[in-house]
Amino acid sequence: LNGRVARAGRLIQGHSNQWDLGIQMVAAQTDCCDRTRRFDAVNGENDGRVQQLGQRGRAVTDSRGPAVIQAASALEDGGVRLKTNEGTVLARLLVNAAGPWAGPLGALPLTPLKRHLFTTAPDPSIDAARPWLWDLPHGYYVRPESGGLLLCACDEIPSAPGDYSDEPAVLQDLLQKLAVHQPNWEEPRVVRHWTGQRTFAPDRLPVIGFDPSRAWLFHVAGLGGHGVTLSDAVGRLAADLLLGRGSSAGRPWDPARLV
């Protein structure tokens with residue numbers, strides 16, 4: 001099940017084994033005639049594919065539009081039935097790797113924090129090999145990027161999953177920081193900006209492992225903007241845990257600490 005969510009919703013406990021998810025996601029379709037199909041695992045990354053453990057290299061690519069996950073209910077054999085408006089998906093495991101939406105999807109206390117990035121116009125005087133400047137006490141950083149500079153005010157704005165709206169005050173805050181702490185610099189000419197979301201648990205540690213109350217749910221979330229940096233290590237750790245090679249119990253990333 002693709003983790004790219006069109007609209008975040010609420011995860012409300014209904015009864016002992018069913019949850020109303022109310023989240024729009026992209027569901028992979030395996031058969032144009034039979035939409036009920038068993039998988040060994042459902043991958044929640046933003047790759048639009050359902051991976052089948054034990055059948056190396058096989059994947060099903062979604063070719064349909066967004067589907068609404070309406071409910072998830074435990075199966076007698078320990079798996080999970082995911083009900084969507086496009087049909088039903090049966091899975092042995094559901095991997096919650098939905099980024100900013102991992103909180104509502106997995107009923108976890110995760111908070112997406114919005115952050116802005118800005119780039120300046122190319123400038124031949126900027127050395128691409130110059131070191132990063134990261135002022136931790138005052139909260140900003142500057143580094144070379146595409147012939148110019150990439151600048152960040154290190155903002156952390158709590159926001160709803162998928163909220164990438166621009167906050168004009170952040171640029172003004174950044175320019176003020178540079179004027180105060182780098183008075184010899186000319187005011188940068190920003191030509192492009194964008195926002196992203198970094199998702200954190202209350203203790204700002206990752207959440208990796210099986211859900212303590214739902215054996216069919218496995219979390220890979222709360223990486224706090226370090227997803228690319230940690231991807232290799234987290235991928236190997238998650239694979240080991242999913243295959244029974246180790247446990248998260250008592251480790252700093254154990255999801256049980258949040259319940």
Side-chain angles (χ1 to χ4, degrees), residues 2-8 25-26 43-49 59 61-62 66 97-103 110-201 204-206 220-236 238:
N2 188 300
R4 184 165 50 197
V5 181
R7 182 173 64 245
M25 305 180 76
V26 176
N43 187 333
E45 273 297 342
N46 290 342
D47 56 11
R49 299 191 298 270
T61 302
D62 171 56
W101 296 271
L110 303 179
T111 303
L113 301 178
K114 188 160 51 176
R115 172 160 288 189
H116 293 64
L117 293 173
F118 305 89
T119 57
T120 66
D123 183 339
S125 68
I126 295 176
D127 181 2
R130 67 188 293 181
W132 288 34
L133 168 63
W134 200 319
D135 189 335
L136 293 176
H138 301 113
Y140 70 92
Y141 68 80
V142 180
R143 66 173 176 84
E145 174 65 35
S146 302
L149 294 174
L150 184 144
L151 310 100
C152 181
C154 297
D155 49 307
E156 295 188 341
I157 303 173
S159 52
D163 176 10
Y164 301 110
S165 59
D166 180 36
E167 304 281 349
V170 175
L171 176 57
Q172 296 307 312
D173 179 50
L174 173 63
L175 295 178
Q176 178 66 21
K177 289 178 178 180
L178 294 177
V180 171
H181 302 294
Q182 301 296 333
N184 294 327
W185 289 13
E186 294 183 4
E187 181 174 306
R189 184 168 65 89
V190 172
V191 296
R192 181 171 177 253
H193 70 276
W194 64 95
T195 62
Q197 289 187 312
R198 302 154 66 243
T199 303
F200 291 91
R204 300 179 80 88
L205 294 176
V220 182
L223 301 183
H226 299 292
V228 173
T229 305
L230 298 176
S231 59
D232 182 71
V234 168
R236 293 174 185 273

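Counting only heavy atoms from C-beta outward, the side chains of Pro188 and Leu149 never approach each other to under 4.5 Å. No side-chain heavy atom of Asp135 sits under 4.5 Å from any side-chain heavy atom of Lys177. Between Leu171 and Leu175 there is a side-chain heavy-atom pair separated by less than 4.5 Å. No side-chain heavy atom of Val191 sits under 4.5 Å from any side-chain heavy atom of Thr120. Between Val190 and Leu174 there is no side-chain heavy-atom pair separated by less than 4.5 Å.
Side chain of Thr199 to backbone of Pro112: no donor-acceptor contact under 3.5 angstrom is found. Distance alone, capped at 3.5 Å, is enough to place a donor-acceptor pair between the Arg115 side chain and the Cys154 backbone.
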From CA spacing to verdict: side-chain contact (heavy atoms from CB on, under 4.5 Å), Val234, Val220: CA-CA 8 Å; Val234 168; Val220 182; 3.6 Å; yes
Audit row: Arg189, Glu187, salt bridge (charged side-chain N to carboxylate O under 4.0 Å, His left out) steps and yes/no: CA-CA 7 Å; Arg189 184 168 65 89; Glu187 181 174 306; over 6 Å; no
Intermediate values then yes/no, side-chain contact (heavy atoms from CB on, under 4.5 Å), Leu133 and Gln182: CA-CA 11 Å; Leu133 168 63; Gln182 301 296 333; 3.5 Å; yes
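Residue Thr195 holds its OG1 atom at 7.5 Å from OH of Tyr164, rounded to the nearest 0.5 Å. Rounding to the nearest 0.5 angstrom, the gap separating the CG atom in Leu150 from the CZ atom in Arg192 is 9.5 Å.
Looking only at atom types and distance, the side chain of Tyr140 has no donor-acceptor partner in the side chain of Gln176 under 3.5 Å away.
Listed by chain and number, the residues in a salt bridge (charged side-chain N to carboxylate O under 4.0 Å, His left out) with Lys114 are Asp163, Glu167 (sequence neighbours excluded). Partners of Asp166 according to the salt bridge (charged side-chain N to carboxylate O under 4.0 Å, His left out) rule, which considers only residues two or more places apart in sequence or in another chain, do not exist here.
When all heavy atoms of Leu110 and Gly103 are compared, the closest pair comes out as CD1-N, 3.9 Å. Of all non-hydrogen atoms in Ser159 and Gln197, the two that sit nearest each other are OG-NE2, 2.9 Å. The shortest non-hydrogen separation linking Gly162 to Pro100 is N-CB, 4.4 Å.
Within the structure, side-chain hydrogen bond (donor to acceptor under 3.5 Å, both in side chains) pairs that include any residue of residues 147-157 comprise His116-Asp155, Glu156-Arg198, Glu156-Arg204 (at least two apart or interchain).
The aromatic rings of Trp134 and Tyr141 sit tilted, their planes meeting at an angle between 30° and 60°.
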